[in-house]
Visitor: 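The structure is given below, and queries will be raised subsequently.
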Amino acid sequence: MKIDPCSFAGSAQRSPIMASNNLQPEVISANWLKSLEVASSTGDTTSFVNHFLSDGWFRDMLCFSWNFRTLSGREKIHGFFSEVVDGQSRLGYSNLHDFKLDDPNINAPSPFKFPGSPDIEGVQGTFTFSITKPAAYGRGFFRIAQDVDGNWKAFTLFTNMQDLVGHEESAVDQYGPHKNQKMTWDDYVDAKFRDTEADPTVLIVGGGQNGLMCAARLGKLGIRALVIEKNARVGDSWRQRYPNLTLHTPAHLCSILYSPYPTNFPKYIPKGKFANFLESYAINQELCIWLSSTVAPNPVYDSSSARWTVEVERENCKVILHPKHLVLATGYGRPRIPTLNGVDDFQGTLYHSDFHRDAEQFRGKRVVVVGAGNASGDICEDFVAHGAAEVTIVQRSATCHVSLAAAEKSFYDLTLSGKIPIEELDFRNNSMPIAFSLQLMKSGSIKYLKMLDKELHDDLRKAGFSLTWEYSPGSGEVGLLGFLLERTGSGTMLDVGYGKLIVEGRVKVKQGQDISHFDEEGIAFKDGSKLSADVIVLATGNEPIMNTIGALLGDTIAEQLPPVVMGLDAEGEFNQVYRPSGHPGLWIAVGSFAIARSYTKHLGLQILAQELGIA
Ligand SMILES: Cc1cc2nc3c(=O)[nH]c(=O)nc-3n(C[C@H](O)[C@H](O)[C@H](O)COP(=O)(O)OP(=O)(O)OC[C@H]3O[C@@H](n4cnc5c(N)ncnc54)[C@H](O)[C@@H]3O)c2cc1C
């Protein structure tokens with residue numbers, strides 16, 4: 001069974017009815033939507049909620065609250081819409097109305113098949129609507145199916161704020177000041193930069209893909225955003241990574257907001273090329289960036305003025321800024337160095353994988369790589385390619401492994417047709433409640449992936465490499481997707497060649513043993529065994545993002561925030577990311593390309609609404 005994000009998917013818990021042969025998606029969708037609109041515009045919570053299957057899912061991004069919410073089951077959905085906001089039910093307060101199915105010539109409602117049950121069909125479609133409070137436009141995606149009585153009901157409904165009325169992103173003048181020719185484009189950009197530098201509304205710390213996309217989005221919404229980047233050039237965070245790094249996700253899924261890659265780019269972009277693209281992006285999007293600049297620790301927030309006081313060190317000068325919003329886009333966390341008894345005794349070379357640069361200098365040496373995730377894979381390949389005498393990985397527990405071939409077949413290539421623009425793909429992916437996707441995985445959806453890799457996995461096991469599809473024994477098989485969503489990818493291996501090296505014995509595996517201590521020759525394990533090495537690389541991942549944030553903001557502010565960034569909250573939304581962080585004027589921007597591309601819009605809308613005094 002394939003999980004196709006463009007044409008999804010079904011609930012494992014309901015007992016769906018076989019669709020009739022003459023399924024008419026447009027008629028079914030129009031009727032369901034019309035009835036939903038009546039319930040919404042009359043504020044009839046019970047009727048509205050009755051448009052869901054009893055085990056249906058609802059996901060909202062900013063239409064019904066200034067947050068992201070996922071609710072499952074009619075009871076919870078009813079509870080949410082019944083909450084009192086300004087003396088009315090939440091449903092009545094927001095007053096969604098003016099529902100319109102997307103133009104059928106472009107985006108017609110369509111049938112879809114339930115995974116694993118090809119005889120059962122539902123109907124999915126997209127629609128637009130207006131919201132009264134706040135005055136906004138929205139877009140929705142529904143997946144409906146028949147209940148046991150044959151009535152069409154939603155098992156997923158997604159509502160997404162698109163734009164605030166009067167502040168539509170698309171309304172920003174694309175043609176700049178040339179209409180009246182009073183100033184040149186360069187003068188106009190210079191003036192914009194001067195305004196931003198003098199009084200940024202938003203200060204973005206970090207000029208990686210998240211920070212840059214935030215700045216581009218905010219600029220398009222007319223918000224002054226200044227980026228502070230500690231490196232000397234945009235893209236340096238990628239340039240500084242190991243030399244053989246190539247993105248493991250294909251270019252179309254790694255695309256950057258507003259700016260597709262040139263058509264002659266490779267499917268998997270090498271890091272240097274990507275770094276240069278990011279740099280050109282910053283130039284072409286005319287982003288206001290201070291390079292070689294950092295933020296001094298412990299910025300102060302004054303709640304009476306709702307402004308920060310931030311000291312920025314810019315090329316050895318100190319500048320004090322008072323932005324209203326601070327966006328932390330500082331990446332995935334510092335290198336995690338585990339406690340290593342006796343490490344100073346080791347006579348060879350030891351470093352964290354973040355600092356891997358030049359495998360050639362270790363030609364003919366014995367290398368041990370501690371850890372068995374993505375960085376470990378790339379680095380082992382680099383050592384083998386550069387003639388290391390011996391490469392051994394230390395795999396303490398088990399790894400969630402997927403080959404690139406399987407990822408392409410089950411997901412990447414399904415989205416490659418070019419027929420669906422990336423923004424639309426992001427919208428459809430967001431329309432799937434994350435917790436529901438995980439539930440699907442646990443109910444057997446990963447069988448297909450396992451089947452694709454069966455031969456390789458059998459061989460890996462024979463070579464002593466341990467595999468898993470669940471976070472912990474008995475927690476349910478969630479596969480790569482689950483690890484990415486819940487664990488920020490930690491413990492996973494998207495294999496671009498590493499597996500073959502293990503199977504062929506060119507990378508050896510030391511499995512299942514805890515390290516006892518280091519000695520002058522290498523690593524001693526708790527079972528008494530030893531591994532001798534000239535070089536040890538700690539591919540042990542990164543510290544929690546919160547550690548970096550805590551170091552930057554100081555304990556007083558960090559203690560006000562929920563303890564975890566990323567991972568999922570109880571409803572299945574990402575903790576703190578691109579949504580209220582728990583501290584006024586503070587936002588955290590981290591995540592995949594897809595998250596950055598689409599959630600930057602939500603960040604922009606939240607900030608814009610605060611600036612307009614409506615949030
Ligand atoms: C080795 C590696 C390979 C990866 N491969 C892929 C892949 O194939 N596909 C994929 O989707 N994802 C991949 N990722 C994950 C993710 O896409 C990247 O980590 C990406 O760089 C994250 O973007 P970011 O903007 O959040 O952080 P970063 O790119 O890390 O950018 C953060 C920026 O903030 C700056 N900064 C940090 N602190 C400060 C400060 N105090 N002051 C000023 N500036 C500061 C840094 O210099 C940096 O430029 C990979 C990650 C790594 C580490």
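All ligand and atom numbering here is 1-based and tracks the order in the structure.
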Visitor: Let me see the working for Asp378 and His248 under side chain to side chain donor-acceptor pair (under 3.5 Å), right down to the final yes or no.
Guide: CA-CA 10 Å; Asp378 283 349; His248 287 188; 3.1 Å; yes
Visitor: Heavy-atom contact under 4.0 Å between Ala375 and ligand 1?
Guide: no
Visitor: Could Arg336 and Glu543 be called an ion pair, given the rule that one side-chain N must be under 4.0 Å from one carboxylate O?
Guide: no
Visitor: Out of all atoms in ligand 1, which are within 4.0 Å of some heavy atom of Asn210? Include the element for each.
Guide: 23 (O), 24 (P), 25 (O), 26 (O)
Visitor: Is the closest basic N to carboxylate O distance between Arg217 and Glu169 below 4.0 Å?
Guide: yes
Visitor: Can you sort out the partners of Arg357 under salt bridge (charged side-chain N to carboxylate O under 4.0 Å, His left out), two or more places apart, ordered by chain and number?
Guide: none
Visitor: If you measure from each non-hydrogen atom of Ser592 to ligand 1, which part falls under 4.0 Å: side chain, backbone, both or neither?
Guide: neither
Visitor: State, to 0.1 Å, how close Met566 and Val564 come at their nearest heavy-atom pair, and which atoms those are.
Guide: O-CG1, 3.6 Å
Visitor: For salt bridge (Lys or Arg N to Asp or Glu O under 4.0 Å), just list the numbers for Lys601 and Glu423, CA-CA rounded to whole Å, side-chain angles, deciding distance to a tenth of an Å, and then say yes or no.
Guide: CA-CA 11 Å; Lys601 180 65 180 270; Glu423 300 76 22; over 6 Å; no
Visitor: Would you kindly specify which portion of Arg241 sits under 4.0 Å from ligand 1, judged on non-hydrogen atoms: side chain, backbone, both or neither?
Guide: side chain
Visitor: Only one of Leu608, Ile223, Leu226 forms a side chain to side chain contact (heavy atoms under 4.5 Å, CB included) with Thr201, so which one is it?
Guide: Ile223
Visitor: Can you tell which part of Ala596 has a heavy atom less than 4.0 Å from ligand 1: side chain, backbone, both or neither?
Guide: neither
Visitor: Would Tyr268 count as a contact of ligand 1 if the rule is a heavy atom under 4.0 Å away?
Guide: no
Visitor: Taking atom 7 (C) of ligand 1 as the point of reference, which of Thr249, Val227, Leu245, Asn542 owns the nearest heavy atom?
Guide: Thr249
Visitor: Charged N to carboxylate O below 4.0 Å: is that the case for Asp195 and Lys192?
Guide: no
Visitor: Nearest non-hydrogen atom to atom 47 (O) of ligand 1 belongs to which of Glu229, Gln240, Gln209, Met213?
Guide: Glu229
Visitor: Measuring from atom 14 (N) of ligand 1, which candidate in Tyr332, Phe274, Trp238 has the nearest non-hydrogen atom?
Guide: Trp238
Visitor: May I ask you to list the atoms of ligand 1 that are less than 4.0 angstrom from any heavy atom of Asn231?
Guide: 47 (O), 49 (O)
Visitor: Indicate yes or no: does an N/O atom of Tyr242 lie under 3.5 Å from an N/O atom of ligand 1?
Guide: no
Visitor: Can an N or O of Thr294 be found at a distance shorter than 3.5 Å from an N or O of ligand 1?
Guide: no
Visitor: With a 4.0 Å heavy-atom cut-off (strictly under), which part of Thr548 contacts ligand 1: side chain, backbone, both or neither?
Guide: neither
Visitor: Please work out, at 4.0 Å between heavy atoms, whether the side chain, the backbone, both, or neither of Ser293 comes within that distance of ligand 1.
Guide: backbone
Visitor: Determine, considering heavy atoms only, which of Ala329, Gly207, Ser292, Pro250 sits nearest to atom 32 (C) of ligand 1.
Guide: Ala329
Visitor: Is a salt bridge present between Arg59 and Glu573, judged by a nitrogen-to-oxygen distance below 4.0 Å?
Guide: yes
Visitor: Just to be sure I read this right, does ligand 1 sit under 4.0 Å from the backbone of Val205, its side chain, both, or neither, counting only heavy atoms?
Guide: side chain
Visitor: Are any side-chain N or O atoms of Ser293 and backbone N or O atoms of Leu291, one a donor and one an acceptor, separated by less than 3.5 Å?
Guide: yes
Visitor: Going by the order shown, which atoms of ligand 1 are within less than 4.0 Å of some heavy atom of Ile228?
Guide: 43 (C), 44 (N)
Visitor: Can you tell me which residue among Lys324, Arg307, Arg194 is in a salt bridge (Lys or Arg N to Asp or Glu O under 4.0 Å) with Asp199?
Guide: Arg307
